[in-house]
Amino acid sequence: MDNFNRRNFLKTAALAGTALAAPAIVRTAAARTTTITIASLLGDDKPETKIWVKIGELVEAKLPGQFKFNIVRNGALGGEKEVAEGVRLGSIQASLSTVSSLSGWAPELQILDLPFLFRDADHVRRTVAGDVGADLKQKLQAQNFVVGDFINYGARHLLTKEPVTRPEQLKGKRIRVIQSPLHTKLWSAFGTTPIGIPITETYNALATGVADAMDLTKSAYAGFKLYEVVPDMTETGHIWASGVVYYASTFWAGLSDEQKAVFQQASSEGAAYFNQLIVDDESKSVETALANGGKLLKPEAFDEWQKGAKGVWDDFAPIVGGIDRIKSIQAA
């Protein structure tokens, strides 16, 4: 074989070898793709799902092909408690949660749920971005929850079947509460009977008379179509509903340092995106609620609402770090 033909033969053989090897390379790359199961309580149009689409895009930009985000929507994997159990077991890799629903594992989180403690969203953000937030992240990590960042669902307001503007009008009513000791204590102080019900079961409970009232953010009020069963929203703003972007510790432990850094950054950017989405979504949600029979009411005797709630501060001070810590946050 002359040199020219030999060179052509070797070149052809090399190209053939590359072509044959290509499927193996593709298969190897595919094998390295990790599928992450993520639970979202709401649908595609809500911030609870949009944040994960955003985080997925940010991760893909930095770590192309390494992760596939399987976002399971509309509460199909259960309410917050059920999802948290799945995260602890590792069957679900990530989700969002209110701090209320995680307080059974980390009671100190309830400092973010104290009624009438925070003035506005900026006040909440300063608190979770500082030493308090760092301490709470450690408490959650000890329970196998790795926090990417804190999020803000907005202020919680009272939802009722009939107009309620003064606290004494709540006496004798059955109120759906987050499955949290603090929320139970808060609404007991107003003479109600608190009933712990997962958010995914709340609509039916209200429709069938198991509960007469509840509290929730404006965004979720419309997201779950609760204006159909509790049309009156009294803008008490009693609790700012903090939450977390969080991951299963088993999933997190399997990440490289580079991957952890990417997920951490993506979570922080996603949290800022989520917080703005909530602000935007609240106005749309109110429009939707009003167009479908919902009503917005202003609370009367606001000092009486605050007075009824302040007993929660005294009861929970030993759990959340003391009354001095509470007052320090209040003054910040």
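For reference, positions follow the sequence shown, starting with 1.
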**Q.** Ring-ring centroid check Phe145 Tyr246, cutoff 6.0 Å
**A.** yes
(Q) I want to check something: taking the side chain as every heavy atom from C-beta on, are Asp120 and Val124 in contact at a cut-off of under 4.5 Å? (A) no
**Q.** Side chains of Leu117 and Ile329 in contact at under 4.5 Å (non-hydrogen atoms)
**A.** yes
**Q.** Phe263 ring center near Phe251 ring center (under 6.0 Å)
**A.** yes
Q: Check step by step if salt bridge (Lys or Arg N to Asp or Glu O under 4.0 Å) holds for Glu235 and Lys218.
A: CA-CA 9 Å; Glu235 296 179 291; Lys218 291 178 178 178; 2.7 Å; yes
(Q) Is it the case that the side chains of Glu80 and Thr98 hold a donor-acceptor pair, with the cut-off being a distance below 3.5 Å and no angle test? (A) yes
Q: Please check if Ile36 and Val244 belong to a single hydrophobic cluster, counting links between Ile, Leu, Val, Met, Phe, Trp and Tyr side chain heavy atoms closer than 4.5 Å.
A: no
Q) Is the shortest heavy-atom distance from the side chain of Lys298 to the side chain of Thr165 under 4.5 Å? A) no
Q: Identify the heavy atoms of Trp52 and Tyr247 that sit nearest to each other, and give their distance.
A: CZ3-OH, 3.7 Å
Q) Taking atom types as modelled and ignoring hydrogens, do the side chains of Ser285 and Lys46 form a donor-acceptor contact shorter than 3.5 angstrom? A) yes
Q) Is it true that the side chains of Ser100 and Ser180 contain a donor and an acceptor less than 3.5 Å apart? A) no
Q | Distance flag, aromatic centroids of Trp240 and Phe118, threshold under 6.0 Å | A | no
Q. Has the side chain of Arg73 got a donor or acceptor atom that lies under 3.5 Å from a matching backbone atom of Ile71?
A. yes
Q: Compare every heavy atom of Gly65 with every heavy atom of Thr33, then report the nearest pair and how far apart it is.
A: OG1-O, 2.7 Å
Q. Does one hydrophobic cluster hold both Val146 and Val99, with members joined at side-chain heavy-atom distances below 4.5 Å?
A. no
Q: Indicate, with yes or no, if Ile197 and Leu159 share a hydrophobic cluster defined by side-chain heavy-atom contacts under 4.5 Å among Ile, Leu, Val, Met, Phe, Trp and Tyr.
A: no
Q | Whether Thr127 side chain and His123 backbone form a donor-acceptor pair below 3.5 Å | A | yes
Q. Counting heavy atoms not belonging to Asp131, are there more than 12 under 6.0 Å from its CG?
A. no
Q.
To the nearest 0.5 Å, what is the distance between CG on Asp149 and CG on Leu96?
A. 11.5 Å
Q: Please assess Asp113 against Leu109 for the test side-chain contact (heavy atoms from CB on, under 4.5 Å), listing each intermediate value before the final yes or no.
A: CA-CA 8 Å; Asp113 260 355; Leu109 285 168; over 6 Å; no
**Q.** side-chain contact (heavy atoms from CB on, under 4.5 Å) between Trp187 and Val312, worked out
**A.** CA-CA 10 Å; Trp187 294 111; Val312 177; over 6 Å; no
Q. Tell me, do Arg166 and Glu304 make a side-chain contact under 4.5 Å, heavy atoms counted?
A. no
Q | For the student: nearest non-hydrogen atoms of Gly308 and Ala189, plus distance | A | O-CB, 3.4 Å
Q: Taking the side chain as every heavy atom from C-beta outward, state whether Val320 and Ile326 have any pair of such atoms under 4.5 Å apart.
A: yes
(Q) For Val262 versus Val59, what's the shortest heavy-atom pair and its separation? (A) CG1-CA, 4.1 Å
Q. With distance as the sole test, does Arg174 use its side chain to make a donor-acceptor pair with the main-chain N or O of Ala213 at under 3.5 Å?
A. no
Q: Establish, yes or no, whether a centroid distance under 6.0 Å links the rings of Phe274 and Tyr153.
A: yes
Q. Taking C-beta and beyond as the side chain, do His157 and Thr234 meet within less than 4.5 Å on heavy atoms?
A. no
Q: Supply the atom-to-atom distance Ser95 OG to Ile51 CD1, rounded to the nearest 0.5 angstrom.
A: 10.0 Å
Q. Does Trp305 have its ring centroid less than 6.0 Å away from the ring centroid of Phe302?
A. no
Q: Classify the side-chain pair Thr202/Arg176 by whether it contains a donor and acceptor separated by less than 3.5 Å.
A: yes
Q.
Restricting to non-hydrogen atoms, name the atom on Glu300 and the atom on Pro167 that form the minimum distance, rounded to 0.1 Å.
A. O-CD, 4.3 Å
Q) Any sub-3.5 Å donor-acceptor pair from Ser256's side-chain atoms to Gln259's backbone N or O? A) yes
Q) Taking the side chain as C-beta and beyond, is there a heavy-atom pair between Val230 and Thr160 under 4.5 Å? A) no
Q: Evaluate side-chain contact (heavy atoms from CB on, under 4.5 Å) for Trp105 paired with Glu85, printing each intermediate quantity in order.
A: CA-CA 10 Å; Trp105 291 282; Glu85 289 286 6; 3.5 Å; yes
Q: Please check if the side chain of Asn275 supplies one atom and the backbone of Asn152 the other of a donor-acceptor pair under 3.5 Å.
A: yes
Q. With a cut-off of 6.0 Å (strictly less than), are more than 12 heavy atoms of other residues, nucleotides or ligands near NZ of Lys68?
A. no
**Q.** Derivation of the side-chain contact (heavy atoms from CB on, under 4.5 Å) call for Asn70 and Val72
**A.** CA-CA 6 Å; Asn70 174 33; Val72 183; 4.0 Å; yes
Q: Would you sort out whether Asp135 and Lys139 count as a salt bridge (Lys or Arg N to Asp or Glu O under 4.0 Å), showing the intermediate values?
A: CA-CA 6 Å; Asp135 178 57; Lys139 296 291 193 299; 2.9 Å; yes
Q. Do Gln93 and Ile38 come close enough that some side-chain heavy atom pair is under 4.5 Å?
A. no
Q. Relative to Trp313, does Lys307 satisfy both conditions: NZ or CZ under 6.0 angstrom from the six-membered ring centre, and within 45 degrees of the ring's axis?
A. no
Q: Check Thr217 against Gly154 and note the closest heavy-atom contact, atom names and distance.
A: CG2-O, 3.6 Å
Q: Look only at the side chain of Thr288 and the backbone of Lys284, and say whether a donor-acceptor pair between them is shorter than 3.5 Å.
A: yes
Q. To the nearest 0.5 Å, how far apart are CD in Glu162 and CD in Gln169?
A. 10.0 Å
(Q) Hydrophobic clustering (ILVMFWY, side-chain heavy atoms < 4.5 Å, transitive) - are Leu41 and Tyr203 grouped together? (A) yes
Q. Roughly how far, to the nearest 0.5 Å, is the CG atom of Leu297 from the CE atom of Met233?
A. 10.0 Å
Q. At what distance, to the nearest 0.5 angstrom, does CD1 of Ile239 lie from CD1 of Ile178?
A. 7.5 Å
Q: Assess whether atom NZ of Lys161 is packed by more than 12 heavy atoms of other residues, nucleotides or ligands within 6.0 Å.
A: yes
(Q) Hydrophobic cluster membership, with links at side-chain heavy-atom distances under 4.5 Å among I/L/V/M/F/W/Y: are Leu102 and Leu182 in one? (A) yes
(Q) With no hydrogens and no angle check, just 3.5 Å: does a side-chain donor-acceptor pair link Glu282 and Ser219? (A) no
Q | Euclidean distance, Leu42 CG relative to Phe224 CZ, rounded to 0.5 Å | A | 4.0 Å
